[in-house]
Amino acid sequence: MKSDIDIALEAELEPIRTVAEKLDITEDELDLYGKYKAKLTDDLWERIKNRPDGKLILVTAINPTPAGEGKTTTTVGLGQAMDKIGKKSIIALREPSLGPCFGLKGGAAGGGYAQVVPMDDLNLHFTGDFHAITSANNLLAAMLDNHIQQGNALNIDTKQIVWKRCVDMNDRVLRNITVGLGRKVDGVTREDHFIITVASEIMAILCLAENMKDLKERLSRIIVAYTYDGKPVTAGELKAVGAMAALLKDAIRPNLIQTLEHTPALVHGGPFANIAHGCNSVRATRTALKLADYTITEAGFGADLGAEKFLDIKCRMAGLKPDAVVLVATVRALKYNGGVAKSDLAVENLEALKKGIVNLEKHIENIAKFDVPCIVTLNQFITDTDAELSFVKEFCENRGCEFALSQVWEKGGEGGIELAQKVVETIEKKESNFHYLYESSLSIQEKIETIAKEIYGAGEVIFEPAALQQLKRIEELGFGSFPVCMAKNQYSLSDDKSVLGRPEGFPIHIREIYVSAGAGFVVAITGTIMTMPGLPKVPAAEGIDVGENGQIMGLF
């Protein structure tokens with residue numbers, strides 16, 4: 001079969017005006033970025049904001065493996081399949097980061113015949129949202145250092161600066177750096193750090209803000225440092241908010257593109273789910289709910305990360321209520337969890353499948369904790385045997401979980417009709433009684449322990465002394481009611497990425513806790529997770545090129 005990029009480049013795209021017409025969006029409510037991309041105007045929201053919401057479907061997955069799961073592919077394919085069965089649908093996705101595109105993971109536009117397009121634009125500069133976020137982040141860093149250089153009227157302790165610079169690239173050597181070297185006019189010499197743009201608090205703020213007013217209020221609350229007296233210093237006190245908002249004025253508006261089958265897709269924002277909250281923007285999701293009968297969205301990595309954060313953070317802040325959750329798995333990934341090497345996954349192995357399916361079982365149980373109907377879908381591969389497929393189907397149905405096969409990678413929307421019908425049927429017969437995993441009234445420590453024990457299966461939570469000190473200060477500053485955003489490796493339910501399947505009773509190690517006051521949550525960093533990834537030994541960038549005709553090659 002052709003590569004994803006070849007399929008995407010051969011596709012006949014509709015003008016974005018035509019795609020918008022399917023949602024009754026007028027040309028005046030679009031700001032065009034060429035023929036096939038557009039931003040939605042605020043006028044559109046004002047016109048539709050009082051409409052009733054459609055149904056909200058969250059697509060999540062088991063823990064990712066090198067065998068692949070196809071969560072975004074399933075999301076796109078399900079949207080296309082909804083159109084096939086006559087349902088007015090829209091897809092709401094995150095924008096890809098350049099880091100994974102040039103690193104290990106590759107593009108994030110779906111795959112096969114279930115992609116959003118233009119795929120090459122989306123995976124590279126798109127509409128410039130990530131560049132705007134990077135610029136706003138680094139403007140704040142520059143104004144912070146300039147304030148210190150120009151007399152430090154706010155009495156900032158340079159040993160307690162917590163705001164970090166960012167870049168949307170995997171660059172491990174920037175994790176820990178020294179700035180201000182050289183002459184006196186070159187600034188105060190101090191230790192500094194870089195994070196990847198998708199981990200920036202400004203990314204989270206953009207994705208959670210309701211409008212420009214809310215965006216500016218959130219930006220003003222960002223804590224950048226502490227004084228010698230231990231008092232927080234904010235972006236508002238540095239008088240950086242107006243300029244940051246100016247950089248973000250276009251980035252805050254959702255982007256409209258299409259799938260290979262011309263299903264509308266809102267693609268906006270892109271925080272990672274392992275080191276951030278892992279969901280597309282609230283504005284895009286709310287807009288989608290007003291424009292279509294069914295909104296299909298996704299949350300990053302496994303359900304232990306993206307889904308938990310979608311349900312406990314995004315839904316809590318935005319007042320959203322999901323009607324169903326689609327949980328994606330593959331026979332190959334389940335066998336990998338059962339101990340089969342990647343090279344042997346094409347061979348039928350029911351014993352390994354039985355051993356590895358416990359990972360899926362845990363995620364099914366976790367979704368049930370939120371009281372939302374769950375549909376398991378197997379992203380089917382040609383090497384899957386009837387015996388393996390039957391085993392997974394029976395396993396799910398024995399646990400009260402709906403089940404459907406998906407072949408959207410190979411067949412596009414046609415391959416997702418069974419899944420689409422099952423989703424619609426489930427929503428119609430099962431009511432969502434969605435509730436959060438924990439109440440806001442719990443302490444930060446109790447929230448962390450609840451997530452670690454209930455969702456991950458940990459036996460105990462070990463807080464490093466520094467983390468306990470940070471936790472104490474966070475609660476003293478009045479942020480104890482905030483939800484918790486756990487930063488944890490994505491490959492395992494534990495904080496050790498090598499432990500597959502369903503580990504139980506293990507310790508979770510909390511090494512750092514900090515507050516994202518503007519975003520409105522507390523981040524707890526577990527194990528050895530990094531907020532600035534590195535490139536692998538053979539990065540995907542080595543295989544990317546531009547042909548003589550100007551077309552991108554090698555973007556998976």
Side-chain angles (χ1 to χ4, degrees), residues 11 13-14 16 18-25 48 51-61 70-94 109-117 254 256-268 280 284-299 307 310 320-328 372-380 402-432:
L13 279 64
E14 289 185 346
I16 201 63
T18 305
V19 177
E21 287 172 2
K22 298 176 184 179
L23 300 170
D24 302 317
I25 299 173
I48 65 174
R51 290 180 181 178
D53 287 346
K55 301 297 184 182
L56 178 59
I57 302 153
L58 171 66
V59 180
T60 185
K71 177 165 46 62
T72 305
T73 301
T74 301
T75 305
V76 176
L78 176 56
Q80 294 179 154
M82 284 288 192
D83 280 352
K84 294 279 187 186
I85 65 172
K87 303 298 182 182
K88 188 177 182 181
S89 66
I90 190 169
I91 298 161
L93 298 173
R94 292 172 299 156
Y113 288 93
Q115 297 186 57
V116 284
V117 283
L256 175 66
I257 54 173
Q258 63 190 291
T259 73
L260 290 172
E261 298 178 9
H262 316 306
T263 304
L266 295 184
V267 185
H268 192 220
N280 74 315
T285 303
R286 280 183 171 165
T287 301
L289 287 168
K290 303 296 183 184
L291 291 171
D293 296 327
Y294 293 88
T295 293
I296 301 110
T297 190
E298 55 92 35
F310 179 93
L320 300 173
K321 178 186 176 184
D323 294 281
V325 172
V326 174
L327 182 56
V328 181
V372 181
C374 180
I375 304 101
V376 171
T377 186
L378 273 184
N379 190 11
Q380 191 173 352
E402 302 292 341
F403 178 86
L405 288 175
S406 171
Q407 296 177 298
V408 296
W409 182 84
E410 179 184 2
K411 300 179 180 180
E414 193 71 31
I417 288 177
E418 178 185 340
L419 173 59
Q421 290 173 334
K422 182 64 71 172
V423 169
V424 172
E425 174 189 316
T426 301
I427 289 174
E428 289 177 349
K429 75 179 183 181
K430 293 185 178 180
E431 184 179 357
S432 172

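Note that the coordinates shown come from a computational prediction; the quantities given were computed from them, not determined experimentally.
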**Item:** Side chains of N280 and T297, donor plus acceptor under 3.5 Å
**Value:** yes
**Complete:** Between P373 and T426 the two heavy atoms that sit nearest each other are CB-CG2, 3.7 Å
**Message:** Do V408 and V76 have side chains that approach each other closer than 4.5 Å (heavy atoms only, starting at C-beta)?
**Reply:** no
**Message:** Test side chain to side chain contact (heavy atoms under 4.5 Å, CB included) on E418 and L405; report intermediate values, then the result.
**Reply:** CA-CA 7 Å; E418 178 185 340; L405 288 175; 3.9 Å; yes
**Asked** So do the side chains of I57 and T295 get within less than 4.5 Å of each other, counting heavy atoms only?
**Response** no
**Request:** Nearest 0.5 Å please: distance from the CG atom of N379 over to the CD atom of Q407.
**Result:** 9.5 Å
**Request:** Drop me the distance from D83's CG to K88's NZ, to the nearest 0.5 angstrom.
**Result:** 10.5 Å
**Message:** For G111, is there any backbone N or O sitting under 3.5 Å from a side-chain donor or acceptor partner on T73?
**Reply:** yes
**Message:** Are the side chains of D53 and K290 in contact, using a 4.5 Å heavy-atom criterion?
**Reply:** yes
**Item:** Approximate separation, where rounding is to 0.5 Å, of K87 NZ and Q421 CD
**Value:** 10.0 Å
**Item:** Sub-4.5 Å side-chain heavy-atom contact between Y294 and V423
**Value:** no
**Request:** Measure the shortest side-chain to side-chain distance between I91 and E298 over non-hydrogen atoms and say whether it is less than 4.5 angstrom.
**Result:** no
**Message:** If you define the side chain from C-beta out and look only at heavy atoms, does anything of I296 sit under 4.5 Å from M82?
**Reply:** yes
**Prompt:** Which value, rounded to the nearest 0.5 Å, describes the distance between T377 atom OG1 and K71 atom NZ?
**Reply:** 14.0 Å
**Message:** Just verifying a value: how many Å separate L23 CG and I90 CD1, rounded to the nearest 0.5 Å?
**Reply:** 4.5 Å
**Request:** For the pair K321 (side chain) and S432 (backbone), establish whether a donor and an acceptor sit closer than 3.5 Å, ignoring hydrogens and angles.
**Result:** yes
**Asked** Roughly how far, to the nearest 0.5 Å, is the CD1 atom of I16 from the NE2 atom of H262?
**Response** 11.0 Å
**Message:** Is the shortest side-chain heavy-atom distance between Q258 and K22 below 4.5 Å?
**Reply:** no
**Message:** On a heavy-atom basis, which atom in P264 and which in S89 lie closest, and how many Å separate them?
**Reply:** CD-O, 4.0 Å
**Request:** Provide the closest heavy-atom pair for L266 versus A284 in the form atom of the first, atom of the second, distance.
**Result:** CD1-O, 3.4 Å
**Complete:** Between F403 and I375, the two heavy atoms sitting closest are N-CG2, 4.4 Å
**Prompt:** With distance as the sole criterion, is a donor-acceptor pair present between the side chains of T259 and Q80 under 3.5 Å?
**Reply:** yes
**Asked** Looking only at heavy atoms, which two atoms of T72 and G110 are closest? And how far apart?
**Response** CG2-N, 3.6 Å
**Request:** Could you tell me whether the side chain of L56 reaches within less than 4.5 Å of the side chain of T285, counting heavy atoms only?
**Result:** yes
**Request:** Could you pull out the closest heavy-atom pair between K429 and E402, with the gap in Å?
**Result:** NZ-OE2, 3.1 Å
